[in-house]
Amino acid sequence: MNVLLCSINTLKGLYDISGVEVGQHLYWKIGGFQVHAQVLITSWVVIAILLGSSIIAVRNPQTIPTDGQNFFEYVLEFIRDVSRTQIGEEYGPWVPFIGTMFLFIFVSNWSGALLPWKIIQLPHGELAAPTNDINTTVALALLTSVAYFYAGLTKKGLGYFGKYIQPTPILLPINILEDFTKPLSLSFRLFGNILADELVVVVLVSLVPLVVPIPVMFLGLFTSGIQALIFATLAAAYIGESMEGHH
């Protein structure tokens, strides 16, 4: 009987950890604005992980790279390849932006799957991956939109807006709508996939033993990485498109 009660309590604890609170947030007031505290906390953790990794990477660079340096150089080369493929020969200045987007989203997604955020109890809401909040994905998408317009205006000046009436002025409303829907699609694609992955795990934990949900969680790690790659690739493609001036 004691063994059974212990097993039930263990499963209940695991279920509580895997639960998702919808619509609950811990609010902070900063400068007259109301912000989601749990998103700021987890974002700071992700930023600390990225900064710490960067410091480790450049602390003692070697001419013949070691295992750790090899890994960071591979990540940098991967980001450069994505930028070069989508933007073209003028990709250099945009590598930091594309790399920041990719690494922040990647580490955020994986932190939601690997770090036991839900063990830490908050008065309201719960800690989760920053990308689990639509405000974060909207902010990332708007940054991409700003970079998109900045790239076009820097390359072509005010002549950049001439693309809205090409090949015919009749397409002006459609071309304007397209530019505004790009960040919207980026935001909802990222937010929807991350939230859907968490909801699937919660439902499986509720219905079947942990033997089934655990492999699904590992599959979620893979899809989370793919989502980061898709976002970074599309962001680079949009920037490259604005610099080339065609659709």
Side-chain angles (χ1 to χ4, degrees), residues 35 39-40 42-58 61 69 71-112 129-161 163 178-194 223-247:
V35 298
V39 178
L40 287 180
T42 52
S43 296
W44 290 337
V45 172
V46 170
I47 293 171
I49 293 173
L50 292 173
L51 288 177
S53 301
S54 301
I55 292 172
I56 293 173
V58 302
Q69 187 176 336
F71 173 75
F72 287 112
E73 288 185 2
Y74 172 79
V75 173
L76 176 59
E77 190 62 29
F78 174 77
I79 294 171
R80 290 179 63 188
D81 286 342
V82 171
S83 302
R84 184 190 300 113
T85 301
Q86 301 299 326
I87 298 177
E89 294 302 321
E90 300 179 77
Y91 74 95
W94 294 102
V95 171
F97 178 79
I98 302 302
T100 300
M101 286 291 179
F102 173 76
L103 291 174
F104 180 81
I105 295 172
F106 184 88
V107 176
S108 295
N109 293 349
W110 274 46
S111 71
T131 45
N132 195 34
D133 191 297
I134 194 170
N135 296 284
T136 303
T137 61
V138 168
L140 294 174
L142 288 177
L143 282 175
T144 302
S145 186
V146 170
Y148 170 83
F149 285 106
Y150 174 80
L153 290 171
T154 303
K155 180 73 178 292
K156 300 192 171 190
L158 294 178
Y160 166 77
F161 294 107
K163 71 168 190 171
E178 180 186 3
D179 273 354
F180 280 98
T181 55
K182 283 177 180 176
L184 188 65
S185 64
L186 278 176
S187 173
F188 280 101
R189 181 184 290 110
L190 178 60
F191 172 73
N193 281 278
I194 299 305
T223 57
S224 296
I226 294 298
Q227 286 302 314
L229 176 60
I230 291 174
F231 193 102
T233 301
L234 288 176
Y238 293 159
I239 291 172
E241 179 184 290
S242 70
M243 295 174 71
E244 292 174 3
H246 62 77
H247 294 273

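Since we're looking at a predicted model, the values are computed, not measured. Residue indices begin at 1 and follow the sequence shown.
For the pair Ile98 and Tyr91, the minimum side-chain heavy-atom distance is 4.5 Å or more. Annotation: side chain of Thr137 is not in contact with side chain of Phe231 (no heavy-atom distance under 4.5 Å). Annotation: side chain of Phe104 is in contact with side chain of Ser43 (closest heavy-atom distance under 4.5 Å). Residues Gln86 and Trp94 form no side-chain contact, since every pair of their non-hydrogen atoms from C-beta on lies 4.5 Å or further apart. Between Pro130 and Val46, some side-chain heavy-atom pair lies under the 4.5 Å cut-off. Two residues are said to be in side-chain contact when any heavy atoms from C-beta on lie closer than 4.5 Å; Val39 and Asn135 fail this criterion. Between Val45 and Ile49 there is a side-chain heavy-atom pair separated by less than 4.5 Å.
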side-chain contact (heavy atoms from CB on, under 4.5 Å) for Leu229 and Phe106? Distances and angles first, verdict last. CA-CA 8 Å; Leu229 176 60; Phe106 184 88; over 6 Å; no
Given side-chain contact (heavy atoms from CB on, under 4.5 Å), test Ile79 with Phe102 step by step and report yes or no. CA-CA 8 Å; Ile79 294 171; Phe102 173 76; 4.3 Å; yes
Set out, in order, the CA-CA distance, both residues' side-chain angles and the distance that settles side-chain contact (heavy atoms from CB on, under 4.5 Å) for Val107 and Leu50, then state yes or no. CA-CA 8 Å; Val107 176; Leu50 292 173; 3.5 Å; yes
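Of all the heavy atoms in Tyr148 and Ile239, the pair that sits closest is CD1-N, 4.1 Å. Here the closest heavy-atom approach between residue Met101 and residue Leu143 is recorded as CE-CB, 3.6 Å. Between Met243 and Lys156, the shortest heavy-atom contact is O-CE, 3.7 Å. Ala228 approaches Asn109 most closely through the heavy-atom pair N-ND2, 4.4 Å.
In this structure, Thr85 contributes its side chain and Asp81 its backbone to a donor-acceptor pair below 3.5 Å. Checked by atom type and distance alone, the side chain of Ser145 never pairs as donor or acceptor with a backbone atom of Leu142 at under 3.5 Å.
Within 6.0 Å of CZ on Arg80 lie no more than 12 heavy atoms contributed by other residues, nucleotides or ligands.
Note that CD1 of Ile56 is 11.0 Å distant from CG of Leu51, once rounded to the nearest 0.5 Å.
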